[in-house]
Amino acid sequence: MRRHPRRGEAGRQVTAVPVSGRGAEIGRRIGVGLMYGLWRPRVLGSWRVPAAGPVILAVNHSHNIDGPMVMGTAPRGTHFLIKKEAFVGPLGPFLEGIGQLKVDRAVADRTAITDALAVLDGGGVLGIFPEGTRGDGDFASLRAGLAYFAVRSGAPIVPVAVLGSTERRGRLIKALPPLRSRVDVVFGDPFEAGDGSGRRTRKALDESTVRIQDRLTGHLETARRLTGR
């Protein structure tokens, strides 16, 4: 995968760290085994994810298993932007080995931005929790990062709703959903974030964020109707 040096905010050149597409595919296969082995995912609309080329999966986030669940049910290997706090001990090298991207949420992390754009430039799949952190998972509060990546790369956004991960607590491990319980993963239609003008101004990104939020919340409502959740 080709890597392009980019300019940081202060004009300093930042070079993307090579991100392994093969690693993301290995992560997908591990996710398939774990998610289908521990729970009963019901996947709707995965055929909507483009089979090739750059794409952004915008995922609601209410539980820690939401990311792994999408990794194990998406038809392509996914590079998620994950908070740096998760890269501790042996988990850090493992996450990096399966193509996941470390991001410092407290600052404008230029390395994470560069690596994420490199994934899209290389025709890969970037996974983003647009709310920035775990919450109600209703896309009520979106950060501008999703709009930036979509407008900057031109990659379509596929909304993804994960439902059922917080309905009940497991008996053995209360922090996880009950083993063999059903979790629904609903993929929506891909859409373009920009207005077609190619503008990347702050106003254009703010307008794109509003459009994205409308599409994501609309998809979530549709997913709840389809699944009864």
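Here the side chains of Val162 and Asn60 are in contact, with some heavy-atom distance below 4.5 Å. Taking 4.5 Å as the limit, some side-chain heavy atom of Leu163 sits within range of a side-chain heavy atom of Leu220. Glu96 has its side chain within reach of Lys102: a pair of non-hydrogen atoms, C-beta onward, lies under 4.5 Å apart. Contact check for Phe80 versus Val70: side-chain heavy atoms found under the 4.5 Å cut-off. With a 4.5 Å cut-off on side-chain heavy atoms, Pro130 and Ile212 do not count as touching. Side-chain contact between Leu57 and Ile128 is absent, with no heavy-atom pair separated by less than 4.5 Å. Looking at Leu101 and Ile82, their side chains never come closer than 4.5 Å, going by heavy atoms from C-beta outward. Looking only at side-chain heavy atoms (C-beta outward), Met69 and Pro41 come within less than 4.5 Å of each other.
Heavy-atom minimum distance, Ala193 versus Val151: CB-CG2, 4.5 Å. Contact between Arg182 and Thr227 at its shortest, heavy atoms only, is NH2-O, 3.8 Å. In terms of heavy-atom proximity, Arg28 sits nearest to Gly77 at CD-N, 3.8 Å. Closest heavy-atom contact between Ile113 and Phe149: O-CE2, 3.8 Å. Listed here is the closest heavy atom pair of Tyr36 and Thr73: OH-CG2, 3.9 Å.
One hydrophobic cluster, built from ILVMFWY side chains closer than 4.5 Å, cannot hold both Val43 and Val186; they sit in different ones. Grouping the Ile, Leu, Val, Met, Phe, Trp and Tyr side chains by contacts below 4.5 angstrom, directly or via other members, places Leu226 apart from Val59. Cluster membership check: Leu44 does not share its hydrophobic cluster with Val158, using side-chain heavy-atom separations under 4.5 Å among Ile, Leu, Val, Met, Phe, Trp and Tyr. A single hydrophobic cluster is seen to contain both Leu91 and Met35, as judged by linkage of ILVMFWY side chains at heavy-atom distances under 4.5 Å, directly or through other members. Leu216 and Val210 sit in two unconnected hydrophobic clusters of ILVMFWY residues. Membership requires side-chain heavy atoms under 4.5 Å apart, directly or through other members.
Glu221 has no carboxylate O lying under 4.0 Å from a charged side-chain N of Arg224, or vice versa, which leaves the two without a salt bridge.
Looking at His219, Arg215, Arg211 one by one, the single match for side-chain contact (heavy atoms from CB on, under 4.5 Å) with Phe191 turns out to be Arg215.
The backbone N or O of Arg76 lies less than 3.5 Å from a partner atom in the side chain of Thr78, making a donor-acceptor pair. Trp39 places no side-chain N or O within 3.5 Å of a backbone atom of Leu34 that could act as its donor or acceptor partner. Listed for the Arg180 side chain is a donor-acceptor partner under 3.5 Å among the backbone atoms of Gly37.
The number of heavy atoms from other shown groups lying within 6.0 Å of CZ (Arg202) does not exceed 12.
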